There are 2 protein chains.
Amino acid sequence: MSSTMDTTAADLESVLAAADAARRPLARTSPADRADALDAVAQALEDARADLVALAAAETHLPDARLNGELTRTVFQARLFAQGLRDGSLVPATVEHADPDWGMGPRPDIRRTVVPIGPVLVFAASNFPFAFSVFGGDSASAFAAGCPVVVKAHPGHPGLSRATAALVVEALEGVGYPVGAFALIEGVEASISALKDRRVKASGFTGSLHGGRALFDIASGRPDPIPFYGELGSVNPVVVTPAAWAERGADIVTGWVGSLTLGAGQFCTNPGVVLVPDAEAFTAAVDLPAPGPMLNPGIVEGFGKSTAALREQPGVRVAAQGPASAEGVAAQVLTTTAADVLADPEALLAEAFGPAGLVVQYSSPEELEQVLDVLPGQLTGSVQAAGGDDELAREVALLLAENVGRVVWNEWPTGVTVSAAQQHGGPWPATTAPTTTSVGLAAIERWQRPVAFQGVPAAALPEQLRD
Amino acid sequence: MSSTMDTTAADLESVLAAADAARRPLARTSPADRADALDAVAQALEDARADLVALAAAETHLPDARLNGELTRTVFQARLFAQGLRDGSLVPATVEHADPDWGMGPRPDIRRTVVPIGPVLVFAASNFPFAFSVFGGDSASAFAAGCPVVVKAHPGHPGLSRATAALVVEALEGVGYPVGAFALIEGVEASISALKDRRVKASGFTGSLHGGRALFDIASGRPDPIPFYGELGSVNPVVVTPAAWAERGADIVTGWVGSLTLGAGQFCTNPGVVLVPDAEAFTAAVDLPAPGPMLNPGIVEGFGKSTAALREQPGVRVAAQGPASAEGVAAQVLTTTAADVLADPEALLAEAFGPAGLVVQYSSPEELEQVLDVLPGQLTGSVQAAGGDDELAREVALLLAENVGRVVWNEWPTGVTVSAAQQHGGPWPATTAPTTTSVGLAAIERWQRPVAFQGVPAAALPEQLRD
């Protein structure tokens with residue numbers, strides 16, 4: 001079905017022309033206007049909750065409770081951006097009056113704020129049909145910044161994407177936003193044409209390393225390169241210290257399995273690697289459930305391939321396998337040693353998207369630190385600690401902070417709160433843009449460009465810069 | 001001389017190994033430690049002022065007054081970063097306690113700050129032998145962030161670069177910084193090898209569009225792409241409104257010529273294009289001085305080529321030419337119409353680095369706005385306004401803000417203050433990274449990566465995140 005709905009070149013031209021035409025009116029909205037728009041869309045999604053969740057359930061096979069929670073998060077997120085625009089916390093302003101005594105010579109009156117970067121192209125993800133899709137974090141933050149948004153629908157939930165898009169369009173019309181402020185496109189070809197188009201000024205993506213890299217290369221290779229914010233996934237390592245293992249090993253295994261198999265392991269913060277002092281005892285305690293249905297056949301196939309590749313690595317063996325689901329997917333736990341990981345970190349620490357985990361035995365704190373030292377960039381890194389290992393746990397947290405976006409202590413990385421302090425990002429290959437986040441209020445910064453105003457009279461200044 | 005000093009592959013390996021080894025100790029310095037290091041280097045440069053200025057004058061042909069001012073700026077800049085580290089304004093911290101009533105579900109304790117991105121490769125510029133060179137804005141901001149710095153010397157001032165580097169190394173040793181916190185390399189080959197090296201995590205550059213693009217492509221094309229912050233130049237358009245022209249046309253011409261020919265026009269904020277209501281009267285009032293000596297023969301040659309290319313564009317003619325300097329360089333003013341610019345904006349609005357300006361006649365506010373609408377990205381855009389044109393001037397400022405990093409009102413763009421509100425950046429082709437600045441305190445953000453800490457006890461938190 002979805003292929004017959006691919007956006008044609010002519011339709012794409014209309015979409016991009018409209019987005020370009022909406023650029024200036026949107027740049028001239030006030031923060032309050034943008035807050036109203038976000039709230040209107042949030043309310044429209046909330047009002048259509050039952051229909052949207054039913055559509056999502058049919059297309060993604062995710063359970064209703066999960067989808068309802070995700071929609072709640074999505075609505076909350078839009079309203080949080082609206083609130084930040086209204087209370088000024090998302091409206092930066094640095095005001096410096098002229099200073100004849102400034103240390104390098106007289107300083108003019110200079111004031112700094114941000115302007116929207118321009119039309120944004122968002123690539124929707126498959127695994128969060130609300131929170132990282134048509135009106136997910138990328139779209140909401142780009143709207144908050146004042147940018148027109150063009151979303152490339154994920155083919156895994158085309159009906160939901162169209163229904164959501166229709167609600168967004170209607171809600172924005174209701175607050176007087178111009179046609180072109182938002183559009184949905186479908187199909188790989190149209191999205192690549194859009195990514196190459198001069199009128200598109202930035203892009204956001206959540207998905208695979210392979211796909212994200214290809215799109216990053218297109219964005220960076222343009223005659224006029226644009227920022228490409230790709231969130232490409234992660235194995236989200238968890239370190240269990242000896243003291244934590246001794247104190248509550250069984251609880252840690254249960255907690256890890258729960259986080260690992262949650263939603264059939266289809267989370268970018270899935271803790272796919274756990275470093276433990278006693279892998280044999282750890283894996284012996286593992287009890288794997290049958291996974292729920294996966295999002296689509298492509299993900300089933302990818303999971304099979306990536307776990308097969310892991311199993312073929314030297315030193316890796318299967319330690320536990322759970323019952324197969326109706327579609328033949330079984331959760332599995334592999335095991336290896338820190339020495340084997342050190343021999344080929346990239347291969348052994350590669351992501352297998354789905355309910356599979358690698359238990360890595362370390363033989364000493366030094367060996368543990370060696371593994372953390374070669375860790376590729378990660379969205380999250382966790383430590384399970386207990387009294388007695390305080391110094392080791394602190395050192396693990398410090399080492400994790402060098403290579404991850406979020407350090408988690410005695411909790412599990414799945415479940416990403418949306419707030420001002422959140423950071424969902426990390427060094428390559430976790431993302432293409434290590435200084436940014438795709439979740440939380442700071443996500444707005446990706447779509448804004450700082451501008452300084454020098455000697456500009458009050459009447460010509462953005463309101464937030466006036467005295 | 002400089003080619004015989006090119007860094008060898010073996011020396012580069014030592015430099016990069018040392019920078020990598022310094023990464024962790026630097027990441028664990030406190031903001032106060034980093035402030036001490038910046039102050040120590042600043043003081044060392046100040047103490048060596050006479051020698052450094054003499055070296056710079058011999059190699060760059062810039063006058064002593066200019067070089068002294070630039071060194072003052074450079075020292076001030078380092079101390080300003082130090083001050084921001086000490087007073088906390090450059091140490092971001094967002095602290096959110098656990099909140100069971102958070103709107104999307106219970107929120108954990110989560111706290112956000114930044115960590116250094118890792119070793120930074122800085123490409124020094126020719127035109128600011130202090131402020132954008134060995135210990136210029138890129139180096140100072142990267143040190144403030146806690147990153148090791150490797151500087152690729154500009155071949156235009158090799159002796160000064162080596163002398164400055166020796167002072168930096170000595171000052172950093174004096175505050176206990178590890179070997180590897182700073183190094184100077186020379187030669188294109190070594191710098192490209194460094195840019196491709198996995199241990200280098202970000203790079204800053206100030207220079208030409210051509211050179212910057214080539215380096216951006218290398219950084220983006222790595223197996224592990226890294227941020228590349230290139231400041232590539234600009235024509236810095238100035239708009240003169242009809243009322244301003246009527247009120248003080250002669251002063252505006254004098255001011256423009258002064259800004260255009262300052263330092264032989266060798267500034268990235270040089271106002272190379274001015275849009276005026278009466279080009280004939282404007283150019284008739286132009287009185288061009290003989291330029292001082294240019295930085296080096298390559299720049300003389302480039303100026304000749306780029307001005308020749310401009311003169312060959314349809315509709316462009318020479319309106320004024322000043323007396324030639326000893327090296328045969330003459331300031332020149334070309335003129336054309338808005339209609340001709342609209343026919344080929346990229347060709348007519350191309351930068352000619354040096355004392356050359358293009359006077360563009362607009363026939364109506366609508367035509368002026370059309371030109372501003374097709375403006376390529378710029379570091380700055382200025383408006384010369386007067387009462388009577390308030391509405392037009394406001395609109396011009398709004399349009400400029402869409403495509404420039406700094407909007408200047410009734411002042412000239414040359415002379416870039418270093419402060420918290422400064423923004424020195426802009427959309428492509430002004431820079432490769434439109435959301436960042438290379439001057440001012442916000443320049444530090446390029447070298448920092450946000451990290452969130454979830455549920456982490458006080459003893460394991462960075463100090464700025466503790467209650």
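In what follows, chains are A, B, ... by sequence order, proteins preceding strands, each numbered from 1. All figures in this text were calculated on a predicted structure; none of them were measured in a lab. Side-chain atoms are counted along with the backbone in the values below, which use heavy atoms only and exclude waters and symmetry mates.
- Heavy atoms closer than 4.5 Å to chain B are found in the side chain of A:Val115, but not in its backbone.
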Next on the checklist: Go through it in stages, so that I can follow the logic: the residues are B:Glu395 and A:Arg28, the test is salt bridge (charged side-chain N to carboxylate O under 4.0 Å, His left out), and I'd like the CA-CA distance, side-chain angles, deciding distance and then a yes or no.
Outcome noted: CA-CA 11 Å; B:Glu395 181 63 21; A:Arg28 297 185 182 192; 2.9 Å; yes
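- Heavy-atom pairs under 4.5 Å with chain A were tallied for B:Pro116, B:Ser220, B:Ala385; the largest tally goes to B:Ser220.
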Item to check | Worked check of side chain to side chain contact (heavy atoms under 4.5 Å, CB included) between A:Thr417 and B:Gln454 | outcome: CA-CA 10 Å; A:Thr417 201; B:Gln454 179 179 329; over 6 Å; no
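- Residue contact with chain B, scored on non-hydrogen atoms closer than 4.5 Å, is absent for A:Pro462.
- Contact annotation for B:Ala93: neither backbone nor side-chain heavy atoms come within less than 4.5 Å of a heavy atom of chain A.
- Between chain A and the options B:Glu402, B:Glu445, B:Glu411, B:Arg446, heavy-atom pairs under 4.5 Å are most frequent for B:Glu402.
- For B:Pro376, no part sits under 4.5 Å from any heavy atom of chain A, backbone or side chain.
- In terms of heavy atoms, A:Pro227 sits closest to B:Pro434 at CG-CG, 3.9 Å.
- For a residue to count as touching a neighbouring chain, one of its non-hydrogen atoms must lie under 4.5 Å from one of that chain's; by this rule A:Arg449 touches chain B with backbone and side chain alike.
- Formation of a donor-acceptor pair under 3.5 Å by the A:Trp102 side chain with backbone atoms of B:Val418 is found in this model.
- Counting only residues at least two apart or on different chains, no side chain to side chain donor-acceptor pair (under 3.5 Å) pair has a member in residues 428-441 of chain A.
- Heavy-atom pairs under 4.5 Å with chain B peak, among A:Arg24, A:Lys201, A:Arg79, A:His424, at A:Arg24.
- Of the listed residues (B:Leu400, B:Leu399, B:Val75, B:Val383), the greatest number of heavy-atom pairs within a distance under 4.5 Å of chain A belongs to B:Leu399.
- If you measure heavy-atom distances from B:Ile226 to chain A, you find no contacts under 4.5 Å at all.
- To the nearest 0.5 Å, the span separating CE on B:Met104 from CD on A:Glu70 amounts to 10.0 Å.
- Between chain B and the residues A:Trp447, A:Phe453, A:Phe216, A:Trp409, the most heavy-atom pairs under 4.5 angstrom are made by A:Trp409.
- Neither the backbone nor the side chain of A:Gln77 comes within contact range of chain B; no heavy atoms are under 4.5 Å apart.
- With a threshold of 4.5 angstrom between heavy atoms, A:Asn410 does not approach chain B through any atom at all.
- Across all non-hydrogen atoms, the minimal contact from A:Ala420 to B:Glu96 is N-OE2, 3.0 Å.
- At a 4.5 Å heavy-atom cutoff, the contact between A:Arg23 and chain B is made by side-chain atoms alone.
- Using a 4.5 Å cut-off between heavy atoms, A:Val95 does not touch chain B at all.
- Of the atoms belonging to A:Ala433, not a single heavy atom falls under 4.5 Å from chain B.
- Between the side chain of A:Arg112 and the backbone N or O of B:Gln422, at least one donor-acceptor pair lies under 3.5 Å.
- When each of A:Val456, A:Thr94, A:Val407, A:Asp99 is scored by its heavy-atom pairs under 4.5 Å with chain B, the top score falls to A:Val407.
- Heavy-atom pairs under 4.5 Å with chain A peak, among B:Leu398, B:Leu461, B:Val396, B:Asp217, at B:Leu398.
- Looking at A:Leu80, only its side chain comes within 4.5 Å of chain B, counting heavy atoms on both sides.
- When heavy atoms are compared at a cutoff of 4.5 Å, A:Ala401 approaches chain B by way of both its backbone and its side chain.
- Between chain B and the residues A:Ser419, A:Gly440, A:Ala202, A:Ala459, the largest count of heavy-atom pairs under 4.5 Å involves A:Ser419.
- Of the listed residues (A:Asp109, A:Asp390, A:Ile110, A:Val114), the greatest number of heavy-atom pairs within a distance under 4.5 Å of chain B belongs to A:Ile110.
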Next on the checklist: salt bridge (charged side-chain N to carboxylate O under 4.0 Å, His left out), that's the test. Do A:Arg213 and B:Asp224 meet it? Break it down for me.
Outcome noted: CA-CA 10 Å; A:Arg213 174 79 211 215; B:Asp224 54 334; over 6 Å; no
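- For the set A:Pro457, A:Pro429, A:Pro108, the entry with the most heavy-atom pairs within less than 4.5 Å of chain B is A:Pro457.
- If you tally non-hydrogen atom pairs under 4.5 Å between each of B:Val404, B:Thr74, B:Ile117, B:Thr113 and chain A, the highest count goes to B:Val404.
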Checklist entry - Going through the checks in order, is the salt bridge (charged side-chain N to carboxylate O under 4.0 Å, His left out) test met by B:Arg198 and A:Glu346? => result CA-CA 14 Å; B:Arg198 286 186 73 101; A:Glu346 289 197 20; 3.4 Å; yes
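- Contacts between A:Pro225 and chain B at a heavy-atom distance below 4.5 Å involve backbone atoms as well as side-chain atoms.
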